[in-house]
Protein chains: 2
Amino acid sequence: MKLGDGVEQAIHSVAMLSGLSEGGVLSAAALAEFHGVSTSYLLKHLQALSGGGILHTVPGPKGGYRLARPAEKITLLDIVLAVEGPAPAFRCNEIRQRGPNPAPDRFFAKPCNISAAMLKAERVYRAELAKTTIADLGAELAEIDDGTIAARSCAFLELHERRTAR
Amino acid sequence: MKLGDGVEQAIHSVAMLSGLSEGGVLSAAALAEFHGVSTSYLLKHLQALSGGGILHTVPGPKGGYRLARPAEKITLLDIVLAVEGPAPAFRCNEIRQRGPNPAPDRFFAKPCNISAAMLKAERVYRAELAKTTIADLGAELAEIDDGTIAARSCAFLELHERRTAR
DNA sequence: GTTAGGCTACTCGGATAGCCACTGTCCGAGTAAAGTGGG
DNA sequence: CCCACTTTACTCGGACAGTGGCTATCCGAGTAGCCTAAC
C-alpha cells in the first residue's frame, strides 16, 4: 500500500493554481521551481490532471495551466483518482475458486465477502477524501497564517503569473 | 495506490485457519494447494503474519500454523498492517519547504494541511478495516451458504488438519 | 504608417531509459517422530 | 518388554533472482508573439 510521490506534487500544484487570479495561468516550470521538483516529472502529473478535467491547458508561449473549475469543486479524491488511476487498491484475484476442487460456479456469482469488505473500506476512504476541497485547504491555511505565507505565494504568483487573451 | 496480491492470500489463509479445531494446525503447503498459489510465496506472508502476532508457528514435522488468538480478535486491519507494513500510504515529502525561497521554519512545526487531510482519510480507512473481524466474515459466509462450501472446507480440513501435542 | 507574412522561441505532449519494490524461488536451520539397539 | 539414542524426514525461516510499475528524462508537435518587409 503505497501512493506515488506524484500525488503530493499534484495536490500542492493545484493548491498553488487556486491562488492565481481569473484568467491567469502558471507554467509547469514555475510550479516545479517553486516546489523544488523535476519539471519533466511534474509535467507528467499535470497532464494527468488535465486529462482528468481538473486543469485546463493553455498551449503556446506564455501558456501554462489553470484550474478547469472553481477550487470549491475540486476535491482531493479528484486529484488522487486522476494521478493514481481509478482502479481500486485491492484487487480480488478470486483465489477461492483456484484450488484443485473448486466449489460450483453459482457460489461465485456474488463477490466474496473479503473483497466486499476491502472495497467497502476503500469507498469510505474515498468518501473522506471527497469531503475536502482545495478551497477548504486554502481557508484552513489562512487561519494559521499571519500573512507571511500568503505574501510569499503572492510574490511568486505576481512574478510568474501570466495573463492570457483567452 | 496498489495493495500487493499477498494481502488477499493472507486473509483467505487466516479465514481458513479460523475453521480448524482447537489445537489443530495447517501446513503452508496445504494452504497454498487449497488456494492454488505458490507455496514459497505464501510462506513469506505467513511469516509476516506470524511476526505480527496473528499466527502461531508450530515447527518440525506435523507442524504448521494456527491462529494466535480467537478469530473475533483478528481484524482485517491487523492482517493488512502485518503484510503491507505499518507505514502510511501517503508520505509527505515536505515539498512546500523545498523551494528556492522557503518560508521560516516556524511554519513547518505543524504538518501541512494536505498531509493532515490525507492521513485523516487513511485513519478512516483503517478504522473501517478494523471493524471487520475474521469471525464476522465466517458468520457472513455461513448465512448465504447452503452447506456446500462448509462441507468442502471441512473435508479439506479433515484431510490436512494435524493435531499437535502442544 | 499599416498590415500581411514569416520566423522565432517558448510551451505542452508523448515516447523513452533507470531504479525500486513486489513477485516468485531456492536452500539451510530446527525439530518432532519413527526406527533401532541395548539393558 | 522398556528405554534411550540415532536417524530421518518434514517443517518453517531467511537469503537469492526476475519482473512490473513508479521515477526521471528527453525530443517532437503546436502556437502566441515578434520581427520584417512590402504596400
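- One atom, NE2 of B:H45, and another, C1' of C:dT23, lie 8 Å apart when rounded to the nearest Å.
- In this structure, A:A29 reaches neither bases nor backbone, as no heavy-atom distance under 4.0 Å exists between it and the strands shown.
- Both B:T57 and A:S38 lie close to DNA chain D; mapped to their nearest nucleotides by heavy-atom distance, the more 5′-ward contact belongs to B:T57.
- Distances shown here put a side-chain N or O of A:R162 below 4.0 Å from the OP1 or OP2 atom of C:dT11.
- Between B:F90 and B:S115 the shortest heavy-atom distance is CE2-CA, 3.8 Å.
- The CD-P distance, from A:Q9 to D:dC22, rounds to 14 Å in whole Å.
- Comparing atom distances between the B:Y41 side chain and each of D:dC22, C:dG13, C:dT25 picks out C:dT25 as nearest.
- Using the six-membered ring where Trp is involved, B:H160 and B:F156 have ring planes that are tilted, between 30° and 60° apart.
- Spacing between atom CG of B:L26 and atom P of D:dC12 amounts to 10 Å, rounded to whole angstrom units.
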Full working for side-chain contact (heavy atoms from CB on, under 4.5 Å) between B:D78 and B:T75: CA-CA 5 Å; B:D78 297 328; B:T75 69; 3.1 Å; yes
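- The interatomic distance linking A:K2 (NZ) with C:dC22 (P) rounds to 7 Å, in whole Å.
- Atom CG of B:L17 sits about 12.5 Å away from atom NE2 of B:H56, to the nearest 0.5 Å.
- For B:D5, the listed nucleotide lying nearest its side chain is C:dT23; candidates were C:dG13, D:dG13, C:dT23.
- Atom CG in A:L42 sits about 14 Å away from atom C1' in C:dG13, given to the nearest Å.
- Along DNA chain C, the nucleotide nearest A:K44 and the nucleotide nearest A:G64 are compared for position; the residue whose nucleotide lies closer to the 5' end is A:G64.
- Scanning both residues, A:T39 and A:A29, for their nearest heavy atoms gives CG2-CA, 3.9 Å.
- With D:dC26, D:dT23, D:dA32 as the choices, the nucleotide that has an atom nearest any side-chain atom of A:P61 turns out to be D:dA32.
- Comparing C:dC12, C:dT25, D:dC26 by their nearest atom to the side chain of A:S40 picks out D:dC26.
- In this entry the distance linking CE of A:M1 with P of D:dC22 reads 14 Å, nearest Å.
- A sub-4.0 Å separation between OP1 or OP2 of C:dC12 and a side-chain N or O of A:Q47 is absent.
- Each of A:L3 and B:L46 was matched to the nucleotide of DNA chain D holding its nearest heavy atom; the match closer to the 5' end belongs to B:L46.
- We find that CG of A:L31 is positioned 12 Å from P of C:dT11, with the value rounded to whole Å.
- Atom pair A:K62:NZ and D:dG30:C1' shows a separation of 18 Å (rounding to whole Å applied).
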